[in-house]
Amino acid sequence: MANIKLTYFDGRGRAETARLVLAYSGAKYEDERVTGEQLAAFKSTLAYGQLPKLEFKGEVLYQSVNIARFLAREFGIAGNSNLERAQSDEVVDAITDIQNAIYGHYSLKKMKLSRKKR
């Protein structure tokens, strides 16, 4: 059993950056993918009531960007100097910006469809 467990939905979403870091580093980890129904059963136990959740050697971390940055530092791929770490953070922030734009577009589209049904 791996000392690392990443819990998220069965889709790319917010945990995908962490999954990419784990894959690139070659780390062995448990990729727990849950349904919305499963989440409802344990949502109240989550620090912020949301996923992703990383269990790492007995400790728990939340928030997708925090998890991705932590893993990159832990596995030595976040850079060796302040400049390289800033460049690594820049990549993570760019991915977050892209995700936010996609999710915003999806939410807006969903909202428009909902209004049309009224």
Side-chain angles (χ1 to χ4, degrees):
M1 183 67 113
N3 285 325
I4 305 169
K5 179 179 177 182
L6 183 64
T7 304
Y8 194 64
F9 301 104
D10 189 17
R12 291 192 173 129
R14 299 281 183 191
E16 193 61 17
T17 306
R19 287 183 184 133
L20 290 171
V21 171
L22 287 162
Y24 183 82
S25 70
K28 294 189 186 312
Y29 72 103
E30 181 180 348
D31 188 11
E32 179 181 40
R33 298 185 183 222
V34 299
T35 65
E37 186 176 285
Q38 290 170 315
L39 173 62
F42 66 88
K43 185 174 181 168
S44 64
T45 68
L46 301 173
Y48 303 100
Q50 63 189 25
L51 296 173
K53 172 185 172 183
L54 177 72
E55 296 172 60
F56 187 87
K57 299 180 181 178
E59 299 293 331
V60 178
L61 293 173
Y62 293 92
Q63 301 298 332
S64 58
V65 176
N66 177 55
I67 291 168
R69 286 187 170 127
F70 166 75
L71 290 170
R73 288 189 303 265
E74 186 65 23
F75 293 111
I77 58 173
N80 295 317
S81 68
N82 286 336
L83 178 60
E84 288 178 354
R85 284 186 285 279
Q87 290 168 330
S88 176
D89 284 345
E90 181 180 344
V91 171
V92 171
D93 291 339
I95 291 168
T96 301
D97 288 347
I98 292 166
Q99 288 175 327
N100 289 340
I102 291 168
Y103 302 144
H105 175 74
Y106 174 75
S107 295
L108 182 61
K109 185 177 177 181
K110 189 175 178 181
M111 185 174 66
K112 286 179 180 179
L113 288 173
S114 175
R115 285 184 182 168
K116 283 183 181 180
K117 289 180 182 179
R118 290 184 196 168

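Just so it is clear, the structure is predicted and the values come from calculations on it, not from any experiment.
A pairwise comparison of heavy atoms in P52 and A15 identifies CB-CB, 4.0 Å as the closest pair.
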L20 and E16: CA distance, side-chain angles, deciding distance, side-chain contact (heavy atoms from CB on, under 4.5 Å) verdict: CA-CA 6 Å; L20 290 171; E16 193 61 17; 4.2 Å; yes

Check the pair D89, R73 against salt bridge (charged side-chain N to carboxylate O under 4.0 Å, His left out), reporting the backbone distance first and the verdict last. CA-CA 10 Å; D89 284 345; R73 288 189 303 265; 5.3 Å; no

Would R19 and D31 count as a side-chain contact (heavy atoms from CB on, under 4.5 Å) here? Give the steps. CA-CA 8 Å; R19 287 183 184 133; D31 188 11; 3.2 Å; yes

Evaluate the criterion side-chain contact (heavy atoms from CB on, under 4.5 Å) for residue pair N3 and Y29; output intermediate values, then yes/no. CA-CA 7 Å; N3 285 325; Y29 72 103; over 6 Å; no

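Within the model, atoms CZ of F70 and CD of Q63 stand 15.0 Å from one another, a figure rounded to the nearest 0.5 Å. Here the OG-CZ distance, from S64 to R69, works out to 9.5 Å after rounding to the nearest 0.5 Å. Between the OG1 atom of T96 and the OH atom of Y103 there is a distance of 9.5 Å, given to the nearest 0.5 Å. Interatomic distance, D93 CG to T17 OG1, rounded to the nearest 0.5 Å: 10.5 Å. With rounding to the nearest 0.5 angstrom, the CD1 atom of I67 is 10.0 Å from the CG atom of L22.
No chain of hydrophobic side-chain contacts below 4.5 Å, direct or via other Ile, Leu, Val, Met, Phe, Trp or Tyr residues, connects I77 to V91. Both V34 and L46 are members of a single hydrophobic cluster when ILVMFWY side chains are connected at heavy-atom separations under 4.5 Å. Y48 and F56 are not part of a single hydrophobic cluster, where members link through side-chain heavy atoms under 4.5 Å apart.
By the neighbour-count criterion of 12 heavy atoms within 6.0 Å, atom CZ of R12 is sparsely surrounded, having that number or fewer from other residues, nucleotides or ligands. Under a cut-off of 6.0 angstrom, the local environment of CZ in F42 is crowded, with over 12 non-hydrogen atoms contributed by other residues, nucleotides or ligands.
The closest side-chain heavy-atom distance from K5 to K53 is not below 4.5 Å.
Taking the six-membered ring for Trp, F75 and Y24 have ring centres at least 6.0 Å apart.
Using modelled atom types, one side-chain atom of Y8 and one backbone atom of R14 make a donor-acceptor pair closer than 3.5 Å. Here the side chain of E90 pairs no donor or acceptor atom with the backbone of A86 at under 3.5 angstrom. In this structure a side-chain-to-backbone donor-acceptor pair under 3.5 Å is present from Q38 to T35. Within the 3.5 Å criterion, the main-chain N or O of V21 finds a donor-acceptor partner in the side chain of S25.
Among L61, L54, L71, the one residue that satisfies the side-chain contact (heavy atoms from CB on, under 4.5 Å) test with N66 is L61.
Through direct or relayed side-chain contacts under 4.5 Å between Ile, Leu, Val, Met, Phe, Trp and Tyr, V92 connects to V65.
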